Every structure is written in structure tokens, then in C-alpha cells.
Amino acid sequence: MANNQAVRRTETFDVVVIGGGGSGMAAAISAAENGARVILLEKNPHLGGTTRLSVGSITATGTRFQKAKGIADTPDEHFNDMSLFLSPELAAKENLELRRVLVDHVPETLEWLIGIGLCFYGPMPEPPHQKPRMHNVLPNSRAYAYYLEKECRRQGVDIRLNARVDRLLRDGDRITGVEAHDGRGPVTLQARGGVIIASGDFSASADFKREHVPHAAHVDAINPASTGDGHQLAQRVGGFIKNPEVMWGPSLRFKAPPVETLLRRLPPSRWVTRPMQFALMNLPLWMFRPFVTRFMTASLAPEPSMLRAGAILVNRRGERFADELSRPELQVPHQPGKEAFLVFDDALAKAFEDWPNFVSTAPGVAYAYLRDYKATRPDLYHEAPTLAGLADRLGVPAQVLERQVRDFNDQLPPGDTRPGLRRGPFYALGPVLSWIVFTEGGLAVTVRHEVTQTDGRVMPGLYAAGSAGQGGTILAGHGHHIGWAMTSGRRAGRFAAERARQA
């Protein structure tokens with residue numbers, strides 16, 4: 001039996017897709033829609049990748065949702081507003097050709113997602129975007145994996161889980177397939193049209209982080225499977241990473257709920273999402289908001305504006321351990337349990353109950369306020385009349401917390417706009433952990449998502465999509481990473497299928 005397992009099989013497909021996250025499934029579906037015989041390889045025992053861990057929003061213009069609200073918007077305006085998120089240093093690094101690809105094609109991507117079953121609510125404002133164009137998936141980001149997998153199977157995509165790709169095969173300059181292990185043993189997979197790398201970013205690769213973002217090498221990735229496998233495969237045959245030093249975050253994210261509720265385990269079927277969408281579009285939000293927020297599954301991020309407004313961070317010893325305005329997320333991993341709590345007073349709590357002061361961007365409802373955490377996440381929401389009472393709720397020494405707050409109030413420098421923590425009741429949100437959600441460095445690609453070498457020459461038969469094929473475009477703001485994942489995946493799949501027909 002051992003000898004039989006070692007025998008390498010050979011199979012031939014039109015398109016081989018590496019990675020079963022959002023971009024990989026979108027690529028596989030698109031290739032199949034265009035007549036290709038497709039195999040999708042995923043190293044994990046399930047599909048979804050980082051997409052299923054995300055907040056789930058997509059930013060797009062000219063959508064049915066904008067039109068229903070009388071909002072006139074264009075890809076050109078979207079293109080220009082994306083610059084508002086970038087410093088001059090980052091703007092100088094951006095691949096504007098790929099930004100153009102995103103803004104021009106993400107509207108049709110949103111419609112395509114709706115067509116395969118996903119449901120959205122919006123558009124919602126997100127400054128500095130000058131018009132509302134953020135669309136939130138219902139009921140949560142798991143809907144992407146659910147409907148994309150369903151469509152993959154409907155289109156006849158051969159999905160193989162627990163599959164590892166060892167190397168890319170080449171014939172001269174052309175990429176012709178892969179060598180892999182697919183759970184049944186070693187296999188050579190020939191690709192008539194091409195191989196699409198859709199393996200995510202390198203946020204969980206210790207080696208890549210030490211080389212490119214050493215200041216954050218000690219910070220964990222929200223997706224431990226994002227180890228840059230596709231980056232490595234392409235580098236071995238001449239590909240290279242564009243903007244490997246660019247990264248959003250690390251960012252603080254709330255700890256996941258300790259127990260999955262029945263509501264969160266429900267599949268995102270239309271009998272759930274359509275009533276949610278109708279209610280969000282037509283009824284007063286107070287009537288159903290607590291119900292909708294119970295579907296939230298993403299590890300939501302507290303907005304940095306809470307720290308700028310005066311919240312402090314303390315660890316499980318009750319100690320304030322960092323300047324909240326100077327990258328505290330880099331210090332959280334050094335604290336006991338790698339955890340911290342946001343502590344604030346009644347004045348700040350009242351301020352974060354209404355737009356524009358939201359605690360988190362959230363699926364379904366777009367924005368989560370303090371009352372949403374009180375109603376749906378009692379494991380994260382802590383309140384007491386006094387600091388001593390809050391310390392007891394958190395399980396930290398009361399004297400330590402009281403001293404830390406007193407010192408913070410006394411040491412606020414002249415001109416600091418933070419008012420201090422002075423009036424009860426007092427609140428805490430947490431634990432929060434520090435995660436790298438995305439590294440922005442992706443393989444250099446053309447506008448057709450073909451992987452290129454350092455001299456700009458295309459590597460025929462090799463495509464990259466999603467974070468693996470980000471190609472230098474910088475996806476600041478909410479809704480751009482998923483928009484890019486789905487858009488680039490769909491386009492890469494179509495181009496690879498076209499190449500297979502021409503072979």
C-alpha cells in the first residue's frame with residue numbers, strides 16, 4: 001500500500017487554481033463559466049480563506065443600491081477618492097492601472113455575487129469617500145464561502161481539500177501545471193490554459209514578515225494559513241513581490257465569541273437574508289437591530305477613533321502599557337495572554353452611540369455602536385459605576401486600574417484634546433488582540449492578472465489574483481480587499497479559460 005501511495009498520477013485540466021478563498025473560488029467559477037475544466041486546490045480542510053474571516057463589505061459605484069437612493073456615482077469618482085486614503089509616500093508606490101481595473105469592474109462583480117445568491121445592504125458612508133458606496137454582506141462574511149462553494153460545485157469545479165502544491169511546472173518560459181499532493185498522494189496536474197495563484201497574503205509567514213515588515217514580525221495573523229505559499233511558488237520561477245513592505249495594521253480586533261450561537265450557525269440562505277435586507281431598507285433600525293447584530297461572526301475591530309477620543313488600553317494586570325496614539329497594537333502581543341481592554345468613561349460612551357462615532361464597522365448593520373456590544377456581546381462589554389467595580393468585572397487589581405487612570409488624567413500634556421476618564425459609570429470593551437489582517441505585498445501582475453518577472457516580461461500560463469496578485473495596488477479603506485479578490489479572481493479565471501480555448 002505504501003508503494004501504491006507513492007505512485008505519482010497525472011491529470012489534465014484547462015485551469016488549475018491554487019487557493020480556495022474568495023479570489024480562488026471566484027477564479028474557478030469564472031473559468032468554468034467560460035467553458036474550462038477546472039480544478040481547485042485548497043490546503044485546508046475547508047474553503048473560505050481570509051474572506052470568511054473578514055467584515056465582508058464591498059465598495060462599488062453605480063450599483064442598484066446607490067440608484068435606489070438617488071446617488072449618482074461613477075468609477076472615476078471612486079478612483080479619485082481612493083487617493084484620499086493614502087499618504088504621499090504610499091501614493092507614490094501605488095499601481096494606478098490596477099486601481100483602475102478595480103473601480104471599473106467591481107460594480108459588475110457585485111451584481112455577479114448577487115446573481116449567485118449573496119445579499120447586500122447599503123450603500124453606507126465611509127469618509128473620506130465623498131459618496132456612500134460601501135455595501136455590507138448579509139448576514140455575515142461566511143455567506144461568501146457558502147455561495148461561492150455552492151456555485152463552484154454547480155459549475156462542476158473539481159475541489160480538492162487538504163491539497164498541497166509543491167512546485168510550478170514550466171516548459172521554457174511557460175507555466176504548464178503543478179506538482180501537488182491532493183490527499184490521495186502525489187499528482188501532476190497539467191494546465192492547458194494556466195495556473196492561477198489565489199493563495200492569499202503572507203501575514204502568517206514568519207520569514208516573509210522578518211524580511212519585509214520586521215517591526216510587526218511578532219504579531220500573529222488573523223488567518224494562520226496565510227503563509228505566502230503562492231508568493232514562494234512564483235518567486236522560484238521568476239516572479240516577484242510588489243510593495244512587500246506595505247501593510248495595513250497590525251490592527252486591534254475583539255476576541256471571537258466563546259460559544260457559537262444557533263443564529264450564527266444558520267446558513268446564509270435567502271429565507272434569512274431577504275427579510276433582513278427588507279427590514280434594513282424599509283423599517284426603523286431600532287426594531288430589529290439587536291436581531292441582525294446577533295449574526296455577526298467576524299472579529300470586529302474597534303475604531304482607532306476611540307483611542308483618539310480618550311479611551312486607554314490596559315492589560316490583564318490593569319496596567320496601561322503604551323501610548324494609545326503611537327501604534328499600541330505593536331505592544332499588545334507582548335502583554336499577558338496577548339490581550340488588552342479599552343477603558344473609557346461615561347462621556348466617551350455617550351459619544352459612541354451615534355454616527356459618525358461608531359465602535360466598529362460591522363456586517364449587516366454597517367456600523368456597530370456601544371449599545372450593539374451591550375446587546376449582543378456580553379463577553380466583551382463591561383460596565384460598572386466605579387473604576388473599582390469595573391476592575392472587579394475585568395478581574396484586574398482595583399488599585400492598579402485606579403492609579404493608571406489617575407496618572408493618565410494627571411499627565412495629559414497641554415493642548416491634548418483628550419478629556420481624560422473622569423466621570424462614571426466606567427466601561428471597558430475587550431479583550432482585544434492584535435492581528436495582521438492583510439499584508440499588501442502581492443505578486444507583480446499585468447492588467448490581465450498575468451504574473452510578470454522583474455523586467456516586466458509576462459510568464460505565460462501563470463496568473464495571480466486576490467492578495468497573492470495584488471500587484472502593487474494599495475487597498476486602503478473598507479470594502480476594497482474583497483472587491484479586489486472577487487474582481488481579480490473572476491478576470492483571471494476568464495483569461496485563463498480563454499487561453500485554454502486557444503491552446
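Bear in mind that the values here come from a model prediction, so they are computed numbers and not experimental data.
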Return the minimal non-hydrogen interatomic distance between [X] and [Y], and the atom names on each side.
X    : Y    : answer
Y463 : G193 : CE1-O, 4.0 Å
P302 : V432 : CG-CG1, 4.1 Å
T446 : V458 : CG2-CG2, 3.7 Å
A464 : G469 : CB-CA, 3.6 Å
I39  : L41  : CD1-CD2, 3.9 Å
R316 : P431 : NH2-CG, 3.3 Å

Using a 4.5 Å cut-off on heavy atoms from C-beta on, say whether the side chain of [Y] contacts that of [X].
X    : Y    : result
M459 : T452 : no
I159 : M25  : no
V359 : Y373 : yes
R236 : L168 : no
S360 : F254 : yes
M82  : L102 : yes
I58  : L113 : yes

Among side-chain atoms of [X] and [Y], is any donor-acceptor pair under 3.5 angstrom?
X    : Y    : value
Y146 : S269 : no
W112 : E151 : no
E77  : T74  : yes
Q335 : E339 : no

message: For R501 and D14: C-alpha separation, side-chain torsions, deciding distance, then whether salt bridge (Lys or Arg N to Asp or Glu O under 4.0 Å) applies.
response: CA-CA 8 Å; R501 289 199 300 270; D14 294 317; over 6 Å; no

message: Whether R99 engages the ring of F79 as a cation-pi pair (distance to the six-membered ring centre under 6.0 angstrom, angle to the ring normal within 45°) should be assessed.
response: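 Yes; both conditions hold, so R99 lies above the ring face of F79.
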
query: For D182, what residues pass the salt bridge (charged side-chain N to carboxylate O under 4.0 Å, His left out) criterion, not counting sequence neighbours?
result: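 D182: salt bridge (charged side-chain N to carboxylate O under 4.0 Å, His left out) contacts with R9, R160, R184.
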
task: State which residues pass salt bridge (charged side-chain N to carboxylate O under 4.0 Å, His left out) with K93; sequence neighbours excluded, sorted by chain then number.
output: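 Once residues adjacent in sequence are excluded, the partners of K93 under the salt bridge (charged side-chain N to carboxylate O under 4.0 Å, His left out) criterion are E245.
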
Report the distance from atom [atom1] of [X] to atom [atom2] of [Y], rounding to the nearest 0.5 Å.
X    : Y    : atom1 : atom2 : answer
H105 : L110 : NE2   : CG    : 15.0 Å
K242 : E94  : NZ    : CD    : 9.5 Å
D158 : R37  : CG    : CZ    : 7.0 Å
L138 : R270 : CG    : CZ    : 13.0 Å
Q470 : S23  : CD    : OG    : 10.5 Å
D372 : F358 : CG    : CZ    : 12.5 Å

Short question: side chain of [X], backbone of [Y] - any donor-acceptor pair under 3.5 Å?
X    : Y    : value
R170 : V237 : yes
S30  : R490 : yes
W484 : G466 : yes
E149 : L47  : no
E211 : D207 : no
N95  : G471 : yes
R133 : T63  : no
S434 : E329 : yes

Could you pull out all donor-acceptor pairs under 3.5 Å where a side-chain atom in residues 474-482 meets a protein atom, sequence neighbours excluded?
| unit_1 | atom_1 | unit_2 | atom_2 | d |
| --- | --- | --- | --- | --- |
| H478 | ND1 | E126 | OE2 | 3.0 |
| H478 | NE2 | T361 | OG1 | 3.4 |
| H480 | ND1 | A476 | O | 2.5 |
| H480 | NE2 | H78 | NE2 | 3.0 |
| H481 | NE2 | E440 | OE2 | 2.5 |

Taking side chain to side chain contact (heavy atoms under 4.5 Å, CB included) as the test, write out the residues that go with [X], two or more places apart.
X    : result
T188 : R8, T10, L169, E179, Q190
V437 : I222, S251, R253
H215 : V213, M247, R327, L330

Pairs satisfying salt bridge (charged side-chain N to carboxylate O under 4.0 Å, His left out), at least one member in [range], at least two apart:
range            : value
residues 449-459 : D173-R457, D455-R457
residues 101-124 : R64-E111, R100-D104
residues 217-233 : K43-D229, D220-K338
residues 467-487 : none

Which pairs of donor and acceptor atoms, one on a side chain in residues 197-206, lie under 3.5 Å apart (sequence neighbours left out)?
| unit_1 | atom_1 | unit_2 | atom_2 | d |
| --- | --- | --- | --- | --- |
| S199 | OG | G230 | N | 3.1 |
| D201 | OD1 | S203 | OG | 3.1 |
| D201 | OD1 | S226 | OG | 3.2 |
| D201 | OD2 | S203 | OG | 3.1 |
| D201 | OD2 | T439 | N | 2.7 |
| D201 | OD2 | T439 | OG1 | 3.2 |
| S205 | OG | F208 | N | 3.1 |

- prompt: Is D166 salt-bridged to R164, cutoff N-O under 4.0 Å?
  reply: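 Yes, charged N to carboxylate O under 4.0 Å.
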
Greater than 12 external heavy atoms within 6.0 Å of E11's CD: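 Counting neighbours around CD of E11, more than 12 heavy atoms of other residues, nucleotides or ligands fall under 6.0 Å, so yes.
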
task: If a pair satisfies ring pair (Phe, Tyr, Trp, His ring centres under 6.0 Å) and one of its residues is in residues 26-56, list it, with sequence neighbours excluded.
output: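 Sorted pair list comes back empty.
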
message: Between D73 and T61, is the side chain to side chain donor-acceptor pair (under 3.5 Å) condition met? List the steps.
response: CA-CA 6 Å; D73 199 5; T61 62; 5.1 Å; no

Sub-6.0 Å ring centroid separation between F65 and Y121: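 No: the rings miss the under 6.0 Å criterion.
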
query: Do Y144 and S54 pass the side chain to side chain donor-acceptor pair (under 3.5 Å) test, and can you show the C-alpha distance, the side-chain angles, and the key distance before you say yes or no?
result: CA-CA 10 Å; Y144 288 107; S54 69; over 6 Å; no

